[in-house]
Protein chains: 4
Amino acid sequence: MSPRRPEQWKKIRLEKREKILDTALELFATHGYHGSSVSMIARKAGISKGLLYTYFDNKEHLLREVLANGMDELIRDLHLIPDQGINREMLLSYIELTFGRLKESTRFYQLFFSLVVQPSVLPIFRQQFIERILPLMKLLEKYFEEQGEQDPLAKAYLFIAILDGVGMDYIATGGIYPLEKLKDLFIHLFLDEQPEKRGT
Amino acid sequence: MSPRRPEQWKKIRLEKREKILDTALELFATHGYHGSSVSMIARKAGISKGLLYTYFDNKEHLLREVLANGMDELIRDLHLIPDQGINREMLLSYIELTFGRLKESTRFYQLFFSLVVQPSVLPIFRQQFIERILPLMKLLEKYFEEQGEQDPLAKAYLFIAILDGVGMDYIATGGIYPLEKLKDLFIHLFLDEQPEKRGT
Amino acid sequence: MSPRRPEQWKKIRLEKREKILDTALELFATHGYHGSSVSMIARKAGISKGLLYTYFDNKEHLLREVLANGMDELIRDLHLIPDQGINREMLLSYIELTFGRLKESTRFYQLFFSLVVQPSVLPIFRQQFIERILPLMKLLEKYFEEQGEQDPLAKAYLFIAILDGVGMDYIATGGIYPLEKLKDLFIHLFLDEQPEKRGT
Amino acid sequence: MSPRRPEQWKKIRLEKREKILDTALELFATHGYHGSSVSMIARKAGISKGLLYTYFDNKEHLLREVLANGMDELIRDLHLIPDQGINREMLLSYIELTFGRLKESTRFYQLFFSLVVQPSVLPIFRQQFIERILPLMKLLEKYFEEQGEQDPLAKAYLFIAILDGVGMDYIATGGIYPLEKLKDLFIHLFLDEQPEKRGT
DNA sequence: GATGAATGAGATTTCATTCAT
DNA sequence: TATGAATGAAATCTCATTCAT
């Protein structure tokens with residue numbers, strides 16, 4: 001056997017790392033962090049426990065990496081620049097992307113929600129989450145303000161709540177959930193409605 | 001000395017049982033089922049591990065009882081009779097009650113959501129949950145149909161999604177969440193709107 | 001309710017004590033000493049754990065009493081006086097009684113055998129047992145010597161071994177064991193045979 | 001450094017497994033199944049409790065393996081083929097081997113007897129035991145029939161009873177038991193006797 | 001006399017982590 | 001790099017015994 005060149009080694013390591021992260025995501029998402037043992041993860045990933053510990057310092061670090069990994073994927077191509085404000089088109093594309101990601105990365109959303117609901121598992125997580133969502137809230141508030149909403153902040157909260165609620169219900173019910181319909185209804189609700197007509 | 005009378009024993013047991021259930025709910029909700037040890041629960045409830053096992057056969061049974069207990073409280077006074085259909089007033093009262101319960105029984109909602117998202121912890125739970133929510137869905141669909149909605153089922157899904165999303169966000173953010181505002185917005189959205197005006 | 005007279009109390013206590021001993025015998029015999037919990041015994045005897053401890057100091061004492069009780073029953077009417085030697089008639093009656101006791105007190109034999117085989121459970125027991133069986137051995141040896149046996153001690157050992165073996169097999173196989181036949185064969189073997197004819 | 005080769009791992013595991021089985025046999029035999037804790041076994045075998053569970057799924061499985069192991073040893077070289085019947089020579093060799101095994105594998109016999117007497121510990125065991133002894137009974141019955149015995153089945157029962165009784169007494173009394181003498185007497189009883197002379 | 005709640009020690013079992021090879 | 005044996009702490013659960021009433 002010829003010795004592998006450095007970049008080959010690197011590639012192998014990266015692939016194996018990815019494999020571990022995927023497996024860990026799946027197990028953490030379905031059984032929870034405390035409900036998934038390192039042995040289970042290693043076995044399902046097809047490696048030894050010992051090797052896993054050369055990739056990740058410990059179980060908590062593994063969880064952090066799983067989260068970081070998933071977050072990166074989640075916000076890929078999702079460029080909402082806080083300073084510039086958003087328009088109707090940008091919001092539409094944001095919604096489309098978010099619903100798409102929900103389908104692609106269901107597992108990650110599942111883990112995500114479980115950690116949001118149960119923050120004691122990884123205390124820093126909730127803080128990070130709030131920090132990340134605040135800029136979005138600001139943008140939404142500004143957008144709804146420009147649209148002439150009476151209470152733009154509340155509307156922003158509602159926007160987020162629906163995204164979260166649809167996500168949770170989609171995860172809870174699985175394939176039978178009418179995700180597309182909900183998306184259309186959602187878009188209709190936030191983009192087509194003419195708020196100035198309300199109350200007249 | 002005379003032994004305690006049966007009703008004395010009963011009272012003692014009932015009170016202690018309640019205490020254990022409360023403690024377990026709190027810990028299961030914040031740390032998750034696997035993240036809460038029986039020792040923790042016993043210590044926090046001020047009793048020995050051994051005694052806990054005279055009240056509940058095992059940890060899983062304790063969880064089931066916690067759930068059953070919470071469910072009972074959740075649906076107390078919430079009489080939606082499937083056969084008769086619902087009107088505006090009944091829906092309003094349902095919403096008011098649900099938002100109220102969210103505030104009163106936040107802990108239970110937290111546990112509830114975590115189990116919905118992570119069904120492997122207690123597999124029967126998801127099934128039970130779906131069975132319980134189906135009648136409500138039917139009622140909502142019928143109501144929205146009578147209101148002249150184009151897609152009443154989707155609207156019903158949206159209704160549930162918002163409740164879930166608001167609940168989750170309220171739990172995730174704690175006291176700072178503008179629950180009352182969201183309730184008003186929610187009521188406005190589903191009860192005040194005149195759908196026949198849409199698109200005109 | 002009129003207060004019970006002292007002898008009534010005494011009678012009640014004695015009966016309850018008997019009930020506990022019976023229950024303990026049954027459980028110790030079937031599940032073993034370590035396999036039978038005090039709770040099980042109390043529940044099956046229809047009393048509370050606390051009461052049991054007013055009758056017996058602790059679990060080991062209970063076992064001792066069970067053994068003493070059973071032993072008394074076992075050797076009732078079985079008068080083999082070491083000094084006087086035994087004759088054919090006495091031996092026959094001893095065999096008859098022993099086989100009869102095996103049927104009556106199967107449970108006790110079961111416990112007995114289990115303790116003989118596993119002496120660490122109650123260390124004193126083996127010693128007591130050996131002390132009790134030695135006089136019988138002496139009598140048997142003397143009897144077989146008088147019968148002209150070549151090796152009377154070995155014959156005595158065989159005598160005991162068959163009793164033990166039949167007892168064990170009877171317990172192991174239950175009702176289907178042909179105890180009567182074995183008794184006849186046994187009697188024939190030790191009482192009918194004319195040893196002086198052997199080898200001629 | 002290179003990892004251990006598979007056969008090295010295998011050898012290590014096999015040896016340690018044997019060590020655990022030996023220790024478990026000794027403790028189960030002397031203190032009984034319920035009387036021997038996993039901690040005791042692990043400590044005596046010189047390993048941690050945790051490691052024991054990588055070798056055996058649980059305590060009951062350990063007991064089963066101990067039994068299977070011992071059974072294999074017990075019946076090694078003991079070929080009694082049911083179809084062909086047995087002759088005097090084969091029976092003699094069977095007796096010799098059995099008495100030999102009693103000496104070699106005293107511990108196993110001890111465990112064996114305790115489980116026969118107390119079947120609730122491992123319910124399947126008694127059934128297995130009966131199934132294994134039935135063929136032997138059949139062979140013995142046929143042999144004694146050919147020898148002209150009046151009641152060959154009873155004689156077969158007696159044969160087994162003596163083996164069991166001698167075994168039990170040997171275990172109960174330890175080194176002082178005259179095993180060899182009993183063997184000679186046993187052989188004399190079943191192989192030298194001329195049954196046709198009886199009753200004349 | 002009688003109850004059964006209560007305990008603490010210890011039982012069985014699991015698991016994150018380390019280590020020799 | 002990779003293995004899986006090995007550990008010790010901690011998890012779930014049991015049980016002999018005590019105690020207030």
Specify the separation, in whole Å, of atom [atom1] of [X] and atom [atom2] of [N].
| X | N | atom1 | atom2 | result |
| --- | --- | --- | --- | --- |
| B/Asn58 | F/dA11 | CG | C1' | 14 Å |
| B/Glu15 | E/dA6 | CD | C1' | 16 Å |
| B/Tyr33 | E/dT14 | OH | P | 14 Å |
| B/Tyr55 | E/dA6 | OH | C1' | 9 Å |
| C/Leu63 | F/dA16 | CG | P | 13 Å |
| B/His31 | F/dA11 | NE2 | C1' | 16 Å |
| A/Arg43 | E/dT14 | CZ | P | 12 Å |
| C/Gln8 | E/dG1 | CD | C1' | 15 Å |

Options [options], nucleotide nearest the side-chain atoms of [X]:
| X | options | answer |
| --- | --- | --- |
| C/Val38 | F/dT17, F/dT12, E/dT17 | F/dT17 |
| B/Leu51 | E/dA16, F/dC13, E/dA5 | E/dA5 |
| D/Trp9 | E/dA5, F/dT3, E/dT13 | F/dT3 |
| B/Tyr53 | F/dT7, E/dA16, F/dT14 | F/dT14 |

Any strand is fair game: report the nucleotide pairing with E/dA20 by Watson-Crick or G-U wobble, both distances under 3.5 Å, or none. F/dT3
Pairing partner of E/dA11 (Watson-Crick or G-U wobble, both distances under 3.5 Å): F/dT12
First encountered from the 5' end of DNA chain F, between D/Gly50 and B/Met40: D/Gly50
Check: D/Ser114 side chain, C/Ser114 main-chain N or O, donor-acceptor pair, under 3.5 Å: no
Would a distance-only check, ignoring hydrogens and angles, find a side-chain to backbone donor-acceptor pair under 3.5 Å from A/Tyr33 to A/Glu60? yes
Just checking B/Phe113 against B/Phe108, ring centres under 6.0 Å apart? no
Nearest non-hydrogen partners of B/Arg13 and B/Thr54, listed with the distance: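 Reported closest heavy-atom pair: NH2-O, 2.9 Å.
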Base, sugar-phosphate alone, or nothing: which one does A/Thr54 contact when heavy atoms must sit under 4.0 Å apart? nothing
Please work out if C/Lys49 contacts a base, only the sugar-phosphate, or nothing of the nucleic acid, heavy-atom cut-off 4.0 Å.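 Since a base atom lies under 4.0 Å of C/Lys49, the category is base.
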For D/Asp57 and B/Lys16, find the nucleotide of DNA chain E closest to each by heavy atoms; which residue's nucleotide sits nearer the 5' end?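 Its nucleotide being nearer the 5' end, the pick is B/Lys16.
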Both B/Leu52 and C/Ser48 contact DNA chain E. Taking the nearest nucleotide for each, which residue is further toward the 5' end? C/Ser48
Looking at D/Arg13, I'd like to know whether one of its side-chain N or O atoms comes within less than 4.0 Å of OP1 or OP2 on F/dA5.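 For D/Arg13, the contact criterion (side-chain N or O under 4.0 Å from OP1 or OP2 of F/dA5) is met.
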Hey, are D/His31 and C/Ser120 close enough side-chain-wise for a donor-acceptor pair under 3.5 Å?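 Present: a donor and an acceptor within the cut-off.
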